[in-house]
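Notes to accompany the following structure.
Please read all numbers here as calculations on a predicted model, not as lab measurements.
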Amino acid sequence: MGNFRSGMTDIIRWGILGPGKIAHSFAKDLRLVDDGMLTAVASRNHDRARAFAAEYGAEHTYGSYTELLESDKVDVVYIATPHTGHKQWALTALEHGKPVLCEKPLGVNLAEVQEIINAARDNKVFLMEALWSRFNPSIKKSKEWVDSGKIGKVGYLHADFAFYGLDRDEGGRLLNPDLAGGTILDIGIYPIFLAYLVLGKPDKILASSHFHKTGAEVQTAMIFDYPNAQALLYSGLSGRSEMRAEISGDRGSIWLDSRWHEAQGLSLVIDGEEERHELPTKGKGYTYEIAEVHRCLRQGELQSDLWSHQNSLDLISLMDEVRRQAGVVFPFE
């Protein structure tokens, strides 16, 4: 990896592993970040890699992930494979000395995440879980407000993430237990993340799930219980929800706009008075996590202090406990 600190004008060259739907969103936003470019794409289907590369102007394509990880044309890799591939390819990348931004969840359980983080530490290579919502301007603002006591002591948080997905292909990522399908790791991670960001780790978790005929979990209700607060969280594929998030304290409330995980604004309500803040994202909003990776690489940091290795360990341990409470086990575990 080049030493970015010496040449601050260097363009950081990205490689993408797994050109699926989320990789398209990422590649579009990478175009909006001045000091980075997509230079390489790898897929097990080389034609898919070529088509993706042609769409986003990437110079190099590979028909295997390993080839990309061995390439000297790439400074940092974005791993966008299904969840079940994250561990293998993050480990391989780190062993090749390639900095990694890995799509969330970093691994499917605590053991996997610990193994990946250990590899990053052992190889002294940058690693971050791509929890893009952590870098969303509205979510950052709500965290600042909470931390500064603007709404007083937080007693209640509500966040959900739901859409109708029961008509999806049963072999696809979402409904296939062999691919760690279901809602918890895919979309439940967002409400769980928000509760953790605002209130930390709960003393107790209650969770209940419903299952699809494939065996995949398709809706999960959660209560995170704290000494003086409760968070009501939900993820589901059996219907839509408004997806506004509420953080309420003894002095006021914060409302994150609908589709709160990618919010374009938020409201502060104190004594019935609403104060609006419009914070439109640049692109879809992946630009902010990309900029954070660039900052870390240029400063020689091995993890982000906004979403650290410990944060990733905490988050997966919460998801493990939700799954344990709700009886969600993947066939390969």
Side-chain angles (χ1 to χ4, degrees), residues 20 22 79-88 90 102-117 129-131 133 157-197 199-226 230-241 243 245 261 311-333:
I22 200 161
I79 296 173
T81 67
H83 306 330
T84 43
H86 291 181
K87 184 183 92 162
Q88 180 188 351
C102 181
E103 201 35 73
K104 48 108 201 110
L106 184 52
V108 300
N109 53 38
L110 180 59
E112 283 198 1
V113 172
Q114 189 68 67
E115 196 178 337
I116 296 165
I117 287 171
E129 181 177 22
L131 202 84
S133 297
L157 183 146
H158 173 255
D160 57 8
F161 196 131
F163 60 90
Y164 187 74
L166 298 182
D167 53 355
R168 301 284 181 99
D169 168 23
E170 289 182 2
R173 188 175 68 83
L174 209 53
L175 296 176
N176 184 346
D178 293 323
L179 294 177
T183 76
I184 295 168
L185 297 188
D186 200 56
I187 57 179
I189 189 170
Y190 290 107
I192 292 168
F193 148 75
L194 190 66
Y196 167 69
L197 183 72
L199 289 162
K201 291 179 83 169
D203 291 4
K204 187 170 77 174
I205 291 175
L206 301 172
S208 179
S209 295
H210 289 163
F211 295 85
H212 194 264
K213 60 178 181 289
T214 59
E217 158 271 326
V218 289
Q219 60 178 167
T220 297
M222 298 160 265
I223 299 171
F224 279 23
D225 205 55
Y226 298 85
Q230 290 183 326
L232 302 186
L233 314 174
Y234 174 79
S235 56
L237 299 177
S238 50
R240 297 175 193 285
S241 68
M243 287 181 62
H261 73 296
N311 293 147
S312 292
L313 288 166
D314 288 349
L315 184 63
I316 194 68
S317 66
L318 295 174
M319 291 195 289
D320 277 5
E321 178 60 16
V322 166
R323 289 206 291 131
R324 194 182 73 77
Q325 292 277 345
V328 179
V329 182
F330 301 124
F332 52 81
E333 287 183 303

Within this structure, what is the [atom1]-[atom2] distance for the pair [X] and [Y], rounded to the nearest 0.5 Å?
X: T220; Y: Y234; atom1: OG1; atom2: OH; answer: 8.0 Å
X: D186; Y: S235; atom1: CG; atom2: OG; answer: 9.0 Å
X: L110; Y: E321; atom1: CG; atom2: CD; answer: 11.5 Å
X: L313; Y: E129; atom1: CG; atom2: CD; answer: 9.5 Å
X: T84; Y: L179; atom1: OG1; atom2: CG; answer: 5.0 Å
X: L185; Y: E217; atom1: CG; atom2: CD; answer: 8.0 Å

[X] vs [Y] side-chain heavy atoms within contact, under 4.5 Å:
X: V328; Y: F211; value: yes
X: L106; Y: I117; value: yes
X: H83; Y: P105; value: yes
X: V113; Y: L315; value: no
X: T214; Y: P177; value: yes
X: F224; Y: L199; value: no

(request) Enumerate the residue pairs fulfilling salt bridge (Lys or Arg N to Asp or Glu O under 4.0 Å) with a member in residues 200-209, sequence neighbours excluded, ordered by first and then second residue. (result)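 Those involving residues 200-209 are K201-D314.
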Only counting residues at least two apart or in another chain, list the ones meeting side-chain contact (heavy atoms from CB on, under 4.5 Å) with [X].
X: A159; result: L157, P191, L194, L233, A245, W260
X: H261; result: W132, S133, F161, Y190, M243, R259
X: L232; result: Y156, H158, I223
X: N311; result: Y196, W307, S308

(request) Heavy atoms only: give me the nearest A231-A195 pair and the separation to one decimal. (result)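 Answer, listing the atom of A231 first, then A195: CB-CB, 4.0 Å.
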(message) Could you report the tightest heavy-atom contact between A216 and G181, atom names first, then the distance?
(response)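 Heavy-atom minimum between the residues: CB-C, 4.4 Å.
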(request) Any pair with a residue in residues 311-330 that passes ring pair (Phe, Tyr, Trp, His ring centres under 6.0 Å), sequence neighbours left out, goes on the list, sorted by first then second residue, please. (result)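 Listed by first then second residue: F330-F332.
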(request) Kindly determine whether V108 and I316 satisfy side chain to side chain contact (heavy atoms under 4.5 Å, CB included), including the steps that lead there. (result) CA-CA 8 Å; V108 300; I316 194 68; over 6 Å; no
With sequence neighbours excluded, residues passing side chain to side chain donor-acceptor pair (under 3.5 Å) with [X]:
X: Q114; answer: N118
X: E115; answer: K87
X: E103; answer: Y78
X: E112; answer: none

(request) Could you note down all residue pairs passing side-chain hydrogen bond (donor to acceptor under 3.5 Å, both in side chains) where residues 163-172 supplies at least one of them, sequence neighbours left out? (result)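 Non-adjacent pairs meeting side-chain hydrogen bond (donor to acceptor under 3.5 Å, both in side chains): E170-K213.
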(request) Applying side chain to side chain contact (heavy atoms under 4.5 Å, CB included), run through Q219 and L237 and close with a yes or a no. (result) CA-CA 6 Å; Q219 60 178 167; L237 299 177; over 6 Å; no
(request) Name all residues meeting the salt bridge (charged side-chain N to carboxylate O under 4.0 Å, His left out) criterion together with D320; count only those two or more places apart in sequence or in a different chain, and write none if there are none. (result)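 D320 satisfies salt bridge (charged side-chain N to carboxylate O under 4.0 Å, His left out) with R323 only.
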(request) Applying side-chain contact (heavy atoms from CB on, under 4.5 Å) between M222 and each of I192, I184, D160, L318, report the one that passes. (result)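 Among I192, I184, D160, L318, the one meeting side-chain contact (heavy atoms from CB on, under 4.5 Å) with M222 is I192.
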